[in-house]
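Here is the structure we will look at, set down as structure tokens.
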Amino acid sequence: MSKRAVVTGVGHYLPDRVVPNSEFEKTLDTTDEWIKTRSGIERRHFAAEGQTTSDLAIRAAQAALENAGIGADQIDGIVVATSTPDLTFPSVGTMVQRGLGMEHGFAFDVQAVCAGFIYALTTANSMLLSGQAQRLLVIGAETFSRIMDWTDRSTCVLFGDGAGALVLEAQDGKGDNTDRGILAADLNSDGRYREMLFVDGGVSTNGESGKLRMQGNALFRQAVDKLAGTAFTALKKIGLEDDDVDWIVPHQANIRIIQGTARKMGIPMDRVIVTVQDHGNTSAASIPLALSVGVSSGKIKRGDLLLSEAIGGGLAWGSVVLRW
Ligand code: ACO
């Protein structure tokens, strides 16, 4: 017998304001057609003025707790993946803790940009398996609209705001790959790629929060190989193959990256959860958002084998194999 971190609740929150591609045609030399064909994005949600990452995270956490049928009093800790915190400190995690009325436990943030949720899940998994906690909230929440350069058509049309959350619980498993829960994970980073995707401001650099800068084309060329590579590595760790995967639930940056990775893994697109058309790239929020949409649409069912993979600034990339 061995412990497994099993998902017992999932939920998400998207800000009310929906921005279609056509809105960018008014201010930039771009078209709905270009954005759709190059990225797969049709619309995205933007947070309202004054609405912060922790506001979105709290709503997603409440939805996940409701889905799990438990209260915040039954949660031991909170792990938030974000690169767009409300403040430099304290963490978004502690703001969520306060927002949920929790006066116990612990909370902290993990920052691995678009791979953040994979890193947060892996961290939470280790804490649950080591007995540090029995039940955790794992949240991906972002307000990337706040770090956009609205004059840069090659980035500002790609990103959106949102949050998704899971409740993870330590449960007994058999110790083989038929167990429910997180079965394997693979994490990677390579700091030599820093210039490919970064924010040009920060506390110890210029004291500003900065704007996102991306060499989209160069990153695109890295993405498919690295994502398929990490997916195969994670599957191999637990003795599974691409054929065993019921659903790829990928980071939603670009439909062409999603399609290319699925093709490389030999998995047809009807076994891939795709939300990029509605959400854009919500960075660390994109995987939990896609999980939540996948479950509420009836596609992802208990017992399904899921593979999530993501790549982002750092570069940092990784994957998780999870039986729902
Ligand atoms: N509208 C119209 N034309 C545009 C736009 C736009 N919004 N943006 C760029 N273009 C132009 C470029 O200027 C270029 O013109 P040129 O040929 O005259 O120089 C042309 O379109 C082609 O540009 P490319 O960058 O080569 O376009 P590409 O097909 O690569 O698509 C994109 C760009 C969508 C950014 C793609 O490269 C991509 O998705 N990259 C990966 C993004 C990603 O995965 N990021 C990782 C996660 S993000 C994170 O971690 C925070």
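Note that ligands are numbered from 1 as they come in the structure, with each ligand's atoms numbered from 1 the same way. Quick note: residue numbers are just sequence positions, from 1.
Between I300 and I273 the shortest side-chain heavy-atom distance falls below 4.5 Å. Residues F24 and C156 form a side-chain contact, since some pair of their non-hydrogen atoms from C-beta on lies under 4.5 Å apart.
Under 4.0 Å from any atom of ligand 1, one finds heavy atoms of residues D29, T30, W34, R38, V113, C114, F144, R153, S154, V157, L158, F159, L197, M214, G216, N217, L219, F220, H251, A253, N254, R256, I257, N281, I311, G312, G313.
Every residue was checked against the ring-ring contact (aromatic ring centres under 6.0 Å, His included) condition with W34, not counting sequence neighbours, and none meets it.
The distance from the CH2 atom of W317 to the CG atom of D186 is 9.5 Å, given to the nearest 0.5 Å.
Ring pair F159/F144 is parallel by interplanar angle, where below 30° counts as parallel and above 60° as perpendicular.
The existence of a salt bridge linking D172 and K3 is confirmed by a sub-4.0 Å separation between a basic side-chain nitrogen and an acidic carboxylate oxygen.
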